[in-house]
Amino acid sequence: MPDAIRVRFAPAPTGYMHIGNLHTALFNWLFVRGQGGTMVLRIEDTDELRSTPEALGVIYDGLRWLGLDWDEGPDIGGPYAPYMQSERLAIYQGYAQKLRDLGLGYECFCTPEELEEQRQLMRARGIPPKYDGRCRNLTEADELRLRHEGREPCIRFRVRETGKTVINDIIQGEVIYENALIGDPVIAKTSGFPTYHLAVVVDDHLMQITHVIRAVEHLPNTQIHRQLQEALEIEPPQYAHLPLILGEDRTKLSKRHGAVAVTDYAEQGFLPEAMVNFLALLGWSPGSEEEILSREQILDKFSLSDCSRSPSVFDLGKAEWMNGQYINDADPEHLADLLLPLLQEEGLMAKDPGADRHQWLVMVAQLMQSRVKLLSTFSTWARYFFTDAFDYDNRARQQWLNDPETAPKLTALADRLATLDEWNAEALEQAVRGLAEELGVKAAQVIHPCRAAVTGTTIGPSLFHLMELLEQADVVGRLRRAAGLSAAGELKPTDEEESA
RNA sequence: GGCCCCAUAGUCUAGAGGCCUAGGACUCCGCUCUUUCAAGGCGGCAACACGGGUUCGAAUCCCGUUGGGGCUACCA
């Protein structure tokens, strides 16, 4: 009977959590929730200078947004608490001391400047830069002298100078590293904080992690981790190194790739289900041709060994398409719930709209859902549902509103609609088509100007259904307003490019 | 520079020696439906990086080249 599966997502609360981090979290989650196991959230805040509470908040928000839950973590505790590495300093110090007792850890008094100089020198000479081990065998006299100079030591780990380290990775297969090629890494900083290498190895062990699923950028580090585990007589976990998610320029995702922060995507109006679906298909495929997959379907089919080794570029366009699919398939009620706060923020919906108004919003959402890709575009594309304060776009001006024949048509239509007893799509259609017939023009010759006048744009859902959802007085008012402006020649095309 | 990984269209991918005349999806381009399209339907453009092997047969296996990426920090 194998040990219960335990995985961890272990982000550093520095900078901003991006889509690549979330991808790693998702794959951990899919693996552990599919198998039945425990998900641990551990915060690797051993970088005292760059860790921030804000970044920690972003991590929580991002995970919760996608519905990636965890069983143990800083916020909920657990049997291996604490889960913040900064609260585990004494533990790492103990292991660092153990390594020193073993003769495998030693104090190094080199300053960062000296080390940098060393690297430059080696590079200049065409030698691979690595720590040269100059503090490996310091005598007591050396040490005394160095301390007198006011130097504070860090602790390095004595790596093997010969042989190879073999890593058996679920995704990457067998990878072999030459031991002689790396220098002794720092495991405890001068500040007393551990470095990543010591902290992960110790915590993965102490927290009984069985599968380390992380981005492939950590693969080369794994040779250090394996040696550390050997030295400390720790049973290594299984490793699965995921391929990287790249930006459009094919390099590792970072701030300069624009909107990569998780919060940006949530703000833009990506649906979490869509993001989960999209991210799951980066570096993994169910092997079938379906692409729109529910969380359950993904959970059901996911396996680490099916993961790819080649990196993938995050294609925002396709992500948006997929989001559009999810919006289109969404229950309008649900959509309205998601939309409400966004609209309230823009002042387009009241703080407490009431049941009728809410039901109305559901109908608006339903009318628009097939053409919206992002929730955030809703408040611009559907603005005219909520307010008279919208602009007439260039196409509307060019094609209809600047036409001298338009104003009379709009006025006639306004007169007719003002007297309508019933305000519904059917009655509106009759009225519009009836007017067209009387004027001896095609229905389109009335419909298009009407749309332009009422919505300010040339595109949108069925005109009659759209007007049905507006107040009669508002529609009539808009028709008269546009007629007046048009007649006055104030709706000439602008020089600007059409805005999206 | 060194080490490691990767290599199917612009992008995400299917493909685990014959089923491949290389499939699907996004994008783009047509056509179509419609009062409009930014929706729907239909169709199209577009790829096995290159060179050597192995084999009756290679996108699939091996080697090399080229290209890309990652690591090479008292960051993780």
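Labels below follow one simple rule: chain letters A, B, ... track the order of the sequence lines, proteins then strands, and each chain is numbered from 1.
- Going from the C1' atom of B/rA47 to that of B/rG23 covers 12 Å, rounded to whole Å.
- Between B/rC6 and B/rC19, the two P atoms lie 26 Å apart (nearest whole Å).
- Aromatic ring centres of A/H225 and A/H197: separated by under 6.0 Å.
- In this entry the distance linking CG of A/L293 with P of B/rU13 reads 14 Å, nearest Å.
- The separation between A/R226 atom CZ and B/rC4 atom P is 18 Å, rounded to whole Å.
- Look at A/E149 and A/R147 and you find no salt bridge, because none of the NZ, NE, NH1 or NH2 atoms lies under 4.0 Å from a carboxylate O.
- Note: CG (A/D329) to P (B/rA39) measures 14 Å, nearest angstrom.
- A/G283 comes within 4.0 angstrom of sugar-phosphate atoms only, judged by non-hydrogen atoms across all strands, and of no base.
- The phosphate of B/rC4 has neither OP1 nor OP2 within less than 4.0 Å of any side-chain N or O from A/R309.
- Separating the C1' atom of B/rA9 from that of B/rU13 is a span of 11 Å, rounded to the nearest Å.
- In this entry the distance linking CG of A/L439 with P of B/rU35 reads 18 Å, nearest Å.
- Base contact: A/G460 has a heavy atom under 4.0 Å from a base atom.
- A distance of about 26 Å separates the P atoms of B/rC12 and B/rG30, rounded to the whole Å.
- With a 3.5 Å ceiling on both atom-pair distances, B/rC20 lacks any Watson-Crick or G-U wobble partner.
- Proximity note for A/H448 (side chain, C-beta onward) versus B/rG40, B/rU35, B/rA25: the nearest is B/rU35.
- Between A/E178 atom CD and B/rG1 atom P there is a gap of 20 Å when expressed in whole angstrom units.
- In this structure, B/rC71 and B/rG2 make a Watson-Crick or G-U wobble pair, each of the two defining distances being under 3.5 angstrom.
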- Item | side-chain contact (heavy atoms from CB on, under 4.5 Å) assessment of A/K301 paired with A/D306 | CA-CA 10 Å; A/K301 295 182 179 176; A/D306 286 339; over 6 Å; no
- Intermediate values then yes/no, side-chain contact (heavy atoms from CB on, under 4.5 Å), A/Y177 and A/I167: CA-CA 8 Å; A/Y177 289 101; A/I167 295 152; 3.7 Å; yes
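- Annotation: cation-pi pair A/R100/A/Y106 absent, no NZ/CZ under 6.0 Å from the ring centroid and within 45° of its normal.
- A 3.5 Å limit on both hydrogen-bonding distances identifies B/rG30 as the Watson-Crick or G-U partner of B/rC42.
- On the P atoms, B/rC63 is 24 Å away from B/rG69, given to the nearest whole Å.
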- Summarise protein proximity over nucleotides 60-76 of chain B in one line of letters, 5' to 3': B for base, S for sugar-phosphate only, - for none, counting protein heavy atoms closer than 4.0 Å. ---------SSSSSBBB
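- Between A/E320 and A/K373, no side-chain nitrogen of the basic residue sits less than 4.0 Å from a carboxylate oxygen of the acidic one, so the salt-bridge criterion is not met.
- No contact: A/P185 has no heavy atom under 4.0 Å from any strand.
- Checking the phosphate oxygens (OP1, OP2) of B/rU13, no side-chain nitrogen or oxygen of A/K318 falls inside 4.0 Å.
- In this entry B/rA47 has no Watson-Crick or G-U wobble partner, no candidate having both defining distances under 3.5 Å.
- OP1 and OP2 of B/rG40 both lie 4.0 Å or more from every side-chain N or O belonging to A/S370.
- Here A/F27 and A/F302 bring their ring centres to under 6.0 angstrom of each other.
- Contact annotation: side chain of A/S462 to base of B/rU35, donor-acceptor pair present below 3.5 Å.
- A/R151 pairs with exactly one of A/E114, A/E113, A/E143 by the salt bridge (charged side-chain N to carboxylate O under 4.0 Å, His left out) rule, that one being A/E114.
- As rounded to the nearest Å, B/rU27 and B/rG68 have C1' atoms that lie 22 Å from one another.
- Rounded to an integer number of Å, the gap from A/L279 CG to B/rU13 C1' is 15 Å.
- The P atoms of B/rG10 and B/rC50 are separated by 13 Å, rounded to the nearest whole Å.
- Two residues, A/I176 and A/P461, neighbour RNA chain B, and the one matched to the more 5' nucleotide by heavy-atom proximity is A/I176.
- Comparing the same atom, C1', in B/rG15 and in B/rA73 gives a spacing of 41 Å after rounding to whole Å.
- A salt bridge links A/R136 to A/E161: one of the charged nitrogens lies within less than 4.0 Å of a carboxylate oxygen.
- Nucleic acid contact for A/T458: base, since at least one base atom lies under 4.0 Å from a heavy atom of the residue.
- Note: CG (A/L281) to C1' (B/rU13) measures 8 Å, nearest angstrom.
- Using a 4.0 Å heavy-atom distance criterion, A/I182 is classed as making no nucleic acid contact.
- One can find a donor-acceptor pair under 3.5 Å joining the base of B/rC37 and the side-chain atoms of A/R371.
- For the pair A/L466 CG and B/rA39 P, the computed distance is 17 Å after rounding to whole Å.
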- Candidate pair A/H18 and A/Y265, rule side-chain contact (heavy atoms from CB on, under 4.5 Å), full reasoning: CA-CA 10 Å; A/H18 57 65; A/Y265 292 101; over 6 Å; no
